*Asks:* 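Below is a structure I'd like to ask you about.
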Amino acid sequence: MQYDFNKIEAKWQKYWAEHQTFKANNTSKKPKYYVLDMFPYPSGAGLHVGHPLGYIASDIYARYKRHKGFNVLHPQGYDSFGLPAEQYAIQTGQHPAVTTEANIKTYRRQLDQIGFSFDWSREVRTSNPEYYKWTQWIFIQLYESYYCNNDNKAKDINELIAIFSTEGNTKVNAACDDGIENFTAKEWNSFDIVKQQKILLQYRLTYLAETEVNWCPALGTVLANDEIVNGVSERGGHSIVRKKMTQWSMRISAYAERLLQGLETIDWTDSLKETQRNWIGKSVGASVSFNVNGHNEKIEVFTTRPDTIFGVSFMTLAPEHELVSIITTPEQKPSVNAYIEATAKRSERDRMADVKTISGVFTGAYAEHPFTKKPIPIWIGDYVLAGYGTGAVMSVPCGDQRDYAFAKHFNIAIPNIFEGVDISEVAFSDKNKTIIANSDFLNGMNYKKATKRAIYELEQLGQGKGKTNYRLRDAVFSRQRYWGEPFPVYYVNGMPQMIDLKHLPIRLPEVEKYLPTEEGEPPLGRANIWAWDTNTNTVVANENIPLGAVEGVSEDTGIYPLELNTMPGWAGSSWYFFRYMEEANRDQVFASEDALNYWGNVDLYIGGAEHATGHLLYARFWVKLLKDRGFVKVDEPFKKLINQGMILGTSAFVYRIAETHQFVSKGLIEGRNVQAIHADVSLVNASDELDIEGFKNWRKEFTNAEFITEADGVFKVSRDVEKMSKSKYNVVNPDAICEHYGADSLRLYEMFLGPLEQYKPWNTAGISGVHSFLKKLWKLYIGENGLNVNENAPTKESLKTLHKTIKKVEEDIENFSFNTSVSTFMIAVNELTAQKCTSKTILEPLLVLISPYAPHIAEELYHLLGNEKSISTAAFPIFDASHLVESSKNYPISFNGKTRFTIELPMDMTKDAIEKEVMAHEKTKAQLDGRAPKKVIVVPGKIVNIVG
RNA sequence: GCUGAAGUGGUGGAAUUGGUAGACACGUUGGACUUAAAAUCCAAUGUCCAUUAGGACGUACGGGUUCAAGUCCCGUCUUCAGUACCA
């Protein structure tokens, strides 16, 4: 009987589906374990071999945990809202829901063929109304919450309203917009409803505000900070401009400290935690306010070095700073305006690329030093960023290199306030070696002491206080797109109103076109039926909205406009891991209390590191909100996280002589003006030789191509490793691999390729190794005359092979080094084959070890051994050392660090006995060499040494 | 610039807390089987010297600690990733 992998794999995939083998149970006495993959966006291109890498790893772990007696939740779903489906819709008019559905079908077929142990009964799709109903509900929870800094948690906004109406807001310590006005209870109660709502918006955890956003004209939408890479859009690489727009935002900044602290409690890689720490960007220092001479204005600055306050010799404002236009003197106005105009013209990217050029201009105004009362010139310069801190700095040229360079360039004084430090060439910024001088009451103090004292003195003056600043900005939550979650929001008198849970979901309306409207409204502005009727609590036609209701003056029909924006891609992915926990009552709850309590948090999460400052931060934020408001018990969603590395493609290039149809083989390009063109990797063999005829037929434009080959007549391509992508023609499809070698080969090979977390190029050539291993495995069990397995007692040797394999494989899985256990299997099968092992006592447990990696073949052989049940229900074998202890081991004997000979000694020998034994060897050897014997030293558990 | 990770044969990669460097696989070479090919099996395969026995050198580079270093320490170089006028 041959190893017919196609038949076997189809058979067991069908069996698992029919028997719901991997269905998780919400009530079980077994300990729980939750293994989660980052769910895919179902793109039109389907899966390539890089996509399943993480899924295979998590699947191995999930299957292993089942063998270990855990009740495992291992679900899968689709992050099915997103830009590509919408852009395809704009081009073709095809509804995104239709293309998404088709793509999901392809994904599901491809996933099924690899043999994953997903519990599909719990599938989620973020674009399903039954799912996004609860995304809308969470949005409302955010809206109905404010963040209390005293209790360090989010609370019901009604509690805040109660405080306002009894004591005003002067004692409230809550996260809110900058520059909020103070009011008493009496004033609050006298405000009209619109004014009250406006104030409350400044406290809510999701709020509507006119903010400066990253507008991408090419995509016609705003983007969050994490969607911008190197100053251009992550998707498409389009340019970004800053623009003021009224948008929904998420007050994630309220959670900055908790998001930072929470990192200490979770098992993620250091680099990923570091990335989040940098993104949150905590810095401790002080805020100081400087009075502007001749104006009733103050300049607020943030500094991490209040100890250097006596070194301030000028101040710098960002060109966009609001005080610039107020304080600039008439003489300086022309040059200041010219400078502002010049910086505004420069794109974000130019500004970032060109950080070396020093530029700035004097405003003509002066501020007053808080202690010396001396006048300090106020400059503007684009090295100060409007978006960080207060957009203004106190410049201490002797202690900061940027200030130093600026001062040198514009000939501003550089007073030295450091003891025993030469600042004639560069600034001195080593905090640890700082001793302050020329600074009045700070003289002689170190950094720590001086900082404390400076803050104290500033507080006495009422001109400063200790402050912690975070780089983390609130996240813009509105997108001017069609294919996303609609907001459960309508507007009365321009103020947002939430729609009650019982009327959710608010479904996406039908539109004719998916582009923004001619007036520049988001695509939902095209919907004919997109208004909210508060009489019937339904979505109705827009034309029923009387103009007056919009303006807030005339008679009220109870019909109001709905929000036209949709939510960003990260909305649905910020809570989906809770949704998998619930299977029965999904229309009643986002996840039931029982389910949430049972499954708790995700024990193991596997996915790409590119989500470090997006999804992984937002999900943590939403979970903390849900916890504060009592909906979930966990503080962190993902206990352990592993980033799988990307599998790269090996692209092939052919060289064309510029502006001709002539192609030149790789070895002959020297001295020719050539351009490299991607060739489809399927047209190139393992020796980098191009299939010329195939290439001609590949694309029409190459039909008449001519080829200049090497002397031996072959045409060689050059190779390069790049990200796998359709446009680079380097994609390897798992379907073809499964067909040729089987899913088990694919699974083993992806693991065998290298460490899980590493980036590595795909090379199909190597797959023959793991494939022939599976054939050998099959042969070990099945001979020409049928089953090779019997009830014979195992030999000691075979037991040893089995037990060392159990030990190694278990260690490997626990350490996520799946690549080395594939080698371990190969060694085990080779050894057992050499031993002619036929004992079921050995061969059955071996299958259980292998089954997480190659489940189909393991199931089939397990079945052929006479087992009725699926191997998934079998227990993982236990490592038994007793066979090893009795056996012996080779001890290398080293001499001056160089190994001379080895002797075989029993493992349970005492230290003295070994020394005696080795000494005897050494004496013999010494006699042969004609020298005196050396001393023998035994380190228990280590190697035996002979010391000269 | 800063932060993090990493540099091991022709290639992908092994190597527990410092203890036989190169497991396992690919590739290559030779052989067996075959009319032939495929498949399968066997052998060799870090470099250099040597007919053999054997020896020397070897984990980016230069030092150091140690009986013993791919692993620890100091310095240098290179690559990858993230981040950046962050006050």
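Because the structure is predicted, anything quoted here is derived from the model rather than measured.
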*Asks:* With heavy atoms under 4.0 Å as the rule, sort A:Pro761 into base, sugar-phosphate or nothing.
*Replies:* nothing

*Asks:* Within residues 816-829 of chain A, which residues have any heavy atom lying less than 4.0 Å from an atom of RNA chain B?
*Replies:* A:Asn819, A:Thr820, A:Ser823, A:Met826, A:Ile827

*Asks:* Mark yes when over 12 heavy atoms from residues, nucleotides or ligands other than A:Lys298 sit less than 6.0 Å from its NZ; otherwise mark no.
*Replies:*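 It does not: A:Lys298 NZ has 12 such atoms or fewer within range.
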
*Asks:* With a 4.0 Å cut-off on heavy atoms, is A:Lys776 in touch with a base, just the backbone sugar-phosphate, or nothing at all?
*Replies:* sugar-phosphate

*Asks:* Going by heavy atoms in the side chains, are A:Asn469 and A:Thr304 under 4.5 Å from each other?
*Replies:*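 No, too far: nothing below the 4.5 Å cut-off.
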
*Asks:* Should B:rC26 form a Watson-Crick or G-U wobble pair with both distances under 3.5 Å, which nucleotide is its partner?
*Replies:* B:rG10

*Asks:* Taking only side-chain nitrogens and oxygens of A:Lys775, does any of them come within less than 4.0 Å of OP1 or OP2 of B:rA39?
*Replies:* no

*Asks:* Paired with B:rA56: which nucleotide, if any, by Watson-Crick or G-U wobble criteria at under 3.5 Å for both distances?
*Replies:*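 Checking every strand shown, B:rA56 finds its partner in B:rU47, with both distances under 3.5 Å.
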
*Asks:* Using both distances under 3.5 Å as the test, list the Watson-Crick or G-U wobble partner of B:rU40, or none.
*Replies:*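 When the pairing criteria are applied, B:rA32 turns out to be the nucleotide that pairs with B:rU40.
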
*Asks:* Strictly under 6.0 Å, is that where the ring centroids of A:Phe310 and A:His369 end up?
*Replies:*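 Distance test on ring centres: under 6.0 Å, yes.
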
*Asks:* Could you tell me whether A:Lys808 and A:Glu811 have a side-chain N and a carboxylate O separated by less than 4.0 Å?
*Replies:* no

*Asks:* Would you indicate whether A:Glu322, at its atom CD, is surrounded by more than 12 heavy atoms from other residues, nucleotides or ligands within a distance under 6.0 Å?
*Replies:*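 It does not: A:Glu322 CD has 12 such atoms or fewer within range.
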
*Asks:* Which residue pairs pass the side-chain hydrogen bond (donor to acceptor under 3.5 Å, both in side chains) test when at least one of the two sits in residues 756-765 of chain A, sequence neighbours left out?
*Replies:*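 Output for this query lists A:Trp762-A:Thr764.
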
*Asks:* State whether A:Gln758 places a side-chain N or O below 4.0 Å from either non-bridging phosphate oxygen (OP1 or OP2) of B:rA6.
*Replies:*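 Answer no for this pair, as no side-chain N or O of A:Gln758 is under 4.0 Å from OP1 or OP2.
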
*Asks:* Establish, with yes or no, whether the OP1 or OP2 oxygen of B:rA84 is under 4.0 angstrom from a side-chain nitrogen or oxygen of A:Arg471.
*Replies:*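 Yes, because at least one side-chain N or O of A:Arg471 sits under 4.0 Å from OP1 or OP2 of B:rA84.
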
*Asks:* Report yes or no: is there a donor-acceptor pair, N or O only, under 3.5 Å between the side chain of A:Asp382 and the base of B:rC85?
*Replies:* yes

*Asks:* Tell me whether the side-chain N/O atoms of A:Tyr383 come closer than 4.0 Å to OP1 or OP2 in B:rA87.
*Replies:* no

*Asks:* Paired with B:rG75: which nucleotide, if any, by Watson-Crick or G-U wobble criteria at under 3.5 Å for both distances?
*Replies:*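 Paired with B:rG75, as far as the under-3.5 Å criterion goes, is B:rC61.
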
*Asks:* Counting only Watson-Crick or G-U wobble pairs whose two distances fall under 3.5 Å, which nucleotide matches B:rA15?
*Replies:*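 Here B:rA15 is not engaged in any pair, so there is no nucleotide opposite it.
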
